[in-house]
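Please read the structure below before turning to the comments.
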2 protein chains.
Amino acid sequence: MSATIKDIAKLAGVSHTTVSRALNNSPLIQEETKERIRIIAEQLDYTPNYNAKSLVLDRSYNLGLFFTTLSNGTSAGFFYEAIRGVNSVIRDRYQLIVKGIDDYTSFHSITKKSFDGIIIVSQSDDDGPIIEHIANKGIPLVVLNRPVDTPGVLNVLSDEEQGAFHAGAFLVNQGHKKIALIEGRKGFKSAQNRKDGFERAMEHYGITVPDSFRMPGLYDLESGHKAMGQFLSLEERPTAVFCCNDEMALGAIKAVFEAGLQVPKDISVVGFDDTVFAAYVTPALTTVRRPIEQISEEGALRLLGNIENKLNETEQVLLRTELIVRESVQPLHA
Amino acid sequence: MSATIKDIAKLAGVSHTTVSRALNNSPLIQEETKERIRIIAEQLDYTPNYNAKSLVLDRSYNLGLFFTTLSNGTSAGFFYEAIRGVNSVIRDRYQLIVKGIDDYTSFHSITKKSFDGIIIVSQSDDDGPIIEHIANKGIPLVVLNRPVDTPGVLNVLSDEEQGAFHAGAFLVNQGHKKIALIEGRKGFKSAQNRKDGFERAMEHYGITVPDSFRMPGLYDLESGHKAMGQFLSLEERPTAVFCCNDEMALGAIKAVFEAGLQVPKDISVVGFDDTVFAAYVTPALTTVRRPIEQISEEGALRLLGNIENKLNETEQVLLRTELIVRESVQPLHA
DNA sequence: CACATCCATGCACACGTTAACAATAGTCTT
DNA sequence: AAGACTATTGTTAACGTGTGCATGGATGTG
């Protein structure tokens, strides 16, 4: 059906070896021979058979992009940005194969032959086994978005501690002194990091946060709502609340409105994640944005570096988050 | 490195052909021989080399999922749902290769050898050339989301005319009689379909829409804002406005608020698309949802049918939209 | 002029798999 | 008991490409 190097060879009156070399721009072949062959290839609309190439070169030209799950729980914006970021660096050098980890019944088919490298956008501790499997098989790997301590694995993620620090600092700089915290789900590393950053900011500015200004949370709407309820029932209320994610912030805002108060006029609220809806709720939410697209770009870039230079660099890279200031924080003039 | 059928053959004391047949469960091989070979394969942790398989079987096990663009303009939710839908159908039978059409500098590398089939989620008329290229190459193809008249191409999309009809009918059923229309961008087929559906609903219920109740639009925030401005300046205002997409609806709502009026109390608004933010704006937008996930499922299913049965069914499938009722429409009691 | 050197190309095989055809042994038929 | 048929396995080539080694011609050198 489609032309092969042998067809070209016949027309050019050379061996298929020469054609192969010419099309790969080998220095062994005379320049004019190359040119002649290139022209014939063009005329025949020749495209190399990548399956054959793969077989002999032992490369697949495939890059795996695996998400914890495709079916549920991954936010659309997150997903989109991750694919965009990776795609922007690989362009036409590799094919991007998108998969959900939970679609695998067995990791058996994940081999060095079928993937030149793999990018895991990890959103759960359950991804441990697949990470280990891939590392064991010796496939170049980068894990994004979640800290991971398997040795020999590249790891790129956002510096959430720093992001939370900035959010806290911002509140202080806006004149707030009575600042409360709604924590993330216990056991999640992100929850710990965000809390740590917040605490560090408070310490740094010499602000003490009483125990009554700290409430646990579960990263969901309801727990944010409940926590804010508690704060509102205090004799001395906080003037600002830092919520460890946007969803809890939304719940918190709802609680404020239900109490007949206003955000940000009566209480300021800051979230974390810059979820898609953050810009559209009322008031638009001031929040911390994780640079997902940048993370995936950086991750893809370093992975390609490892693949193409046959290195095995294995550091952990932290990228800075960005504070997105919208309308949910009120400056307080002393 | 990794085991091949020849390694298995040696251990089993048979020829590699027998191993190949055994592992492919050929009826030619004795059941006990099969079992013996399977056990050895298991022990060696054998995985077939798909590149070799592909070469001889002339199949790639790859399915292309192409979007008009990845870099810009595709909405995240749309993107996510499309991938989910397709992914749920193919599972482990194929690898899903995600690409942006605008990343291709040449379609040259898109061949029958590298893709067993291709799904195009089309969002622009500019996709014409690639569709034709793929159809010419004889690669099984389905185009989603946008009507396409290239012969020999499967086409699955939502019935927007019907969706707009329902939206219009809903307004009438809520008691509205003075209903206005903000049209989509001229020249877009979707604009025509949505308008047609709306008109049909008005006719069906015997409601006349004066010319002053019709404004052109560009599918963007600003044109929606401007059009609503016009309606508000009329002596006799409409009580409800159907906007041909959500973004214009948003602009329209903004105009209402700026005029000191309320949605839906003073004017009801309906959108189209169920964009991600539709649920989060205030008031939450009543709108028409296109079943993207269902479209991509249906499309993938039919594509696989064509691939695996070597058919070339080539019909156009219209799927029903769904009216999502939220808070932007007020029932009007006569 | 004989020999070494270098440049451009070809030969033959390899990659891992499937499949057409051949071969062997056992079974059935008459 | 001979021939036909069947069931199971093996032999060999093929898919399209890349590469180590061999080859042959041109060029340079003493």
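So you know, we letter chains A, B, ... as the sequences are listed, proteins then strands, and number each from 1.
- Partners of B/Leu28 by side chain to side chain contact (heavy atoms under 4.5 Å, CB included), not counting sequence neighbours, listed by chain and number: B/Arg21, B/Ser26.
- Note that the two end axes of the helix from C/dC1-D/dG30 to C/dT30-D/dA1 enclose an angle of 50°, each drawn from 5 base pairs, rounded to 10 degrees.
- Using bins of under 30°, 30° to 60° and over 60° for the plane-to-plane angle, the ring pair B/Phe67/B/Phe79 lands in the tilted bin.
- Distance B/Glu32 CD to D/dA7 P: 16 Å, rounded to the nearest Å.
- Between B/Arg93 and B/Glu308 a salt bridge is recorded (basic side-chain N to carboxylate O distance below 4.0 Å).
- Of the charged side-chain nitrogens involved, none lies within less than 4.0 Å of a carboxylate oxygen, so that A/Arg38 and A/Glu42 do not count as a salt-bridged pair.
- Looking at B/Lys53 and B/Asp58, no side-chain N of the basic residue comes within less than 4.0 Å of a carboxylate O on the acidic one, giving no salt bridge.
- A/Tyr61 is linked by a ring-ring contact (aromatic ring centres under 6.0 Å, His included) to A/Tyr50, counting only residues two or more places apart in sequence or in another chain.
- The CG-C1' distance, from B/Asp58 to D/dT17, rounds to 15 Å in whole Å.
- For the pair B/Ile37 CD1 and C/dT18 P, the interatomic distance rounds to 12 Å; values are reported in whole Å.
- At a threshold of 4.0 angstrom between heavy atoms, the contacts of B/Asn24 are confined to the sugar-phosphate backbone, with no base atom among them.
- The two residues A/Ala41 and A/Leu23 come nearest to each other via the heavy atoms CB-CD2, 4.1 Å.
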Every protein N/O lying under 3.5 Å from an N/O of nucleotides 24-28 of chain C:
none

Polar-atom pairs under 3.5 Å, protein N or O versus N or O of nucleotides 22-24 of chain D: list them with distances, or write none.
none

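- Rounded to whole Å, the distance from CD1 on B/Ile5 to P on D/dT11 is 14 Å.
- With respect to B/Arg302 and B/Glu298, a salt bridge is recorded, a charged nitrogen being found less than 4.0 Å from a carboxylate O.
- The pair A/Arg59-A/Asp116 meets the salt-bridge criterion, with a side-chain N (NZ, NE, NH1 or NH2) lying under 4.0 Å from an Asp/Glu carboxylate O.
- Side-chain atoms of A/Thr69 never come within 3.5 Å of backbone atoms of A/Gly100 as a donor-acceptor pair (strictly under, hydrogens ignored).
- One finds the CZ atom of A/Phe66 at 10.0 Å from the CD1 atom of A/Ile119 (value rounded to the nearest 0.5 Å).
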* To do: Check the pair A/Arg289, A/Glu81 against salt bridge (Lys or Arg N to Asp or Glu O under 4.0 Å), reporting the backbone distance first and the verdict last.
  => CA-CA 12 Å; A/Arg289 183 171 196 287; A/Glu81 286 193 49; 3.1 Å; yes
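- A straight line from CG of B/Asn51 to C1' of D/dT17 spans 12 Å, rounded to a whole angstrom.
- Between the CG atom in A/Asn62 and the CD1 atom in A/Ile90 there is a gap of 9.5 Å [rounded to 0.5 Å].
- In this structure, NZ of A/Lys112 is placed 14 Å from P of C/dG16, rounded to the nearest angstrom.
- Within the structure, a side-chain polar atom (N or O) of A/Tyr46 is placed less than 4.0 Å from OP1 or OP2 of D/dT17.
- Here the C1' atom of nucleotide C/dG16 and the CG atom of A/Leu57 are 14 Å apart, to the nearest Å.
- Distance B/Asn25 CG to C/dA19 C1': 17 Å, rounded to the nearest Å.
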* Do nucleotides 4-15 of chain C as a string where each nucleotide becomes B, S or -: B if the base has a protein heavy atom under 4.0 Å, S if just the sugar-phosphate does, - if no protein is that close. => ----SBBBB--B
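- The distance from the NZ atom of B/Lys99 to the CD1 atom of B/Ile120 is 12.5 Å, given to the nearest 0.5 Å.
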